[in-house]
Enquirer: 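My questions all concern the structure below.
The model shown is predicted, which means the values in this text are computed figures rather than measured ones. All values below come from the heavy atoms of this structure, side chains included, with hydrogens, waters and symmetry mates left out. This chain uses plain numbering: 1 for the first residue, then up along the sequence.
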Amino acid sequence: MLATSAMAQAPACGGNFAQFLEGVKAEAIARGISPDVAQHALRRATIDNKVLSRDRAQGVFRQTFLEFSRRSVSANRLQVGAKKMKQYANTFARAEAEYGVPAAVITAFWGLETDFGAVQGDFNTMNALATLAHDCRRPELFRPQLLAAVEMVGHGDLDPSTTTGAWAGEIGQVQMLPRDIIEHGVDGDGDGHVNLKTSSEDAIMTAAKFIKALGWRAGEPWLAEVSVPSGSFPYEKSGLGQGMKLGDWTALGVTFRNGAPTTADLPADLLFPQGRNGPAFLVFPNFSIYLEWNQSFIYTNSAAYFATRLAGAKPYDAGNPGDGLDDANMKRLQEKLAALGHDVGKIDGILGGGTRAAVRAEQLRLGLPADGWPDQALLSRL
């Protein structure tokens, strides 16, 4: 009764921070966490203004695919990734046997997120989550994560004084939030704990279980580089969610650079990250897991490509893509597309899925190759 009363009196977000923490503590106790654990977990929590600054100043993803993929899928990362796959071969074999996720897929996320554990973040995790849960911008996201962190303290898997991670509360070598660790954490090294910061075995197994929970389809590809025939080609069929299948693309003359999947009825979307003159990829249902992990199209495309390289694919053919639009012109383009009735979302200068779809539609209307890549010529025509 006392816990319920305290929870009712404390603000869901904002207000006096100490009172807010009392409400979180009461909710944790109501969920079955012992009062001693809740008190220990939250007693030293403080507002971290650096976290709020990072949250308010999140940069938008403005690099092109070629820029980001060349930087992130470096020779060094490929070498280290190959060594990690060999070093933890037994753990990766267990992960694939139990969850169906290949070593290369896990390793690519591991490398991109933290350089294989080298850069995990130095923000106190409990303070970061308490700060973001108290802040009223996204409490529905971060209050459950704060409660999950309190639960991890009870399991002995998080020290409220010393555990650090990313500014938004992600922890460990594969940067996962506490609620996901609670739901999908695996003790990979058999020590009785799930510690994604120091145990690579725990990180590998937990990532595999999490990826499977996102919908990974065992034994299926995720991305493959392709070549598209020159001349007339239905570029308007490119992009996500167009209802095409692998057999449809091969019938149109699309060929694979690293060996082709054999299932003709496998759903497949054709992507041109930088237009028809740049790299081209077919992506399959497993690509949606990358979009669940991170909603940035450039990040997901790069992560999926990184995994194919770790699995033995050769470097992509960069081609000769035309220049894109700078930030100011991309916003101008979005304004014009919105005025024409297209839903491009926020006018932010980011070439996201809505903007790409609108660009394809206008390219098709104007008789241009509808590859979804905006350039100055399109802007001028509009």
Enquirer: If you round to the nearest 0.5 Å, how far is OG1 of Thr162 from CG of Asn124?
Expert: 8.0 Å
Enquirer: Between Asp327 and Arg332, does at least one N-O distance fall below 4.0 Å, as a salt bridge requires?
Expert: no
Enquirer: Taking 4.0 angstrom as the limit, do Arg137 and Asp55 come out as a salt bridge?
Expert: yes
Enquirer: Is any side-chain heavy atom of Lys50 closer than 4.5 Å to one of Phe123?
Expert: yes
Enquirer: To the nearest 0.5 Å, how far apart are CD in Gln242 and CZ in Arg360?
Expert: 5.5 Å
Enquirer: With ILVMFWY side chains joined below 4.5 Å, transitively, what does Leu177's cluster contain besides itself?
Expert: none
Enquirer: Is a salt bridge present between Arg31 and Glu27, judged by a nitrogen-to-oxygen distance below 4.0 Å?
Expert: yes
Enquirer: Evaluate the side-chain proximity of Tyr305 to Phe281: yes if any heavy-atom separation is below 4.5 Å, no if none is.
Expert: yes
Enquirer: Mind checking whether Phe20 and His134 have parallel, tilted or perpendicular rings, split at 30° and 60°?
Expert: perpendicular
Enquirer: Nearest 0.5 angstrom please: Thr131 OG1 to Leu129 CG, how far?
Expert: 8.5 Å
Enquirer: Taking the side chain as every heavy atom from C-beta outward, state whether Gln376 and Asn329 have any pair of such atoms under 4.5 Å apart.
Expert: yes
Enquirer: Can you tell whether the side chains of Glu225 and Lys314 come within less than 4.0 Å, N to carboxylate O?
Expert: no
Enquirer: Is the Phe65 ring parallel, tilted or perpendicular to the Tyr316 ring (thresholds 30°, 60°)?
Expert: tilted
Enquirer: Hey, what do you get for CD1 (Ile182) to CE (Met152), rounding to the nearest 0.5 Å?
Expert: 6.0 Å
Enquirer: Between Ala370 and Leu364, which heavy-atom pair has the shortest distance, and what is it?
Expert: CB-N, 4.0 Å
Enquirer: Should we say atom CD of Gln295 is surrounded by more than 12 heavy atoms from elsewhere, each under 6.0 Å from it?
Expert: no
Enquirer: Between Glu183 and Arg179, does at least one N-O distance fall below 4.0 Å, as a salt bridge requires?
Expert: yes
Enquirer: By the definition side chain to side chain contact (heavy atoms under 4.5 Å, CB included), identify the one residue from Leu240, Leu351, Val344 that meets it with Arg356.
Expert: Leu351
Enquirer: Can you confirm whether the side chains of Gln173 and Trp110 place a donor and an acceptor under 3.5 Å from each other?
Expert: yes
Enquirer: Out of curiosity, Leu282 CG to Phe256 CZ, how far, rounded to the nearest 0.5 Å?
Expert: 4.5 Å
Enquirer: May I ask you to check whether Trp293 and Tyr299 place their ring centres under 6.0 Å from each other?
Expert: no
Enquirer: How far does CG of Leu270 sit from CZ of Arg276, to the nearest 0.5 angstrom?
Expert: 13.0 Å
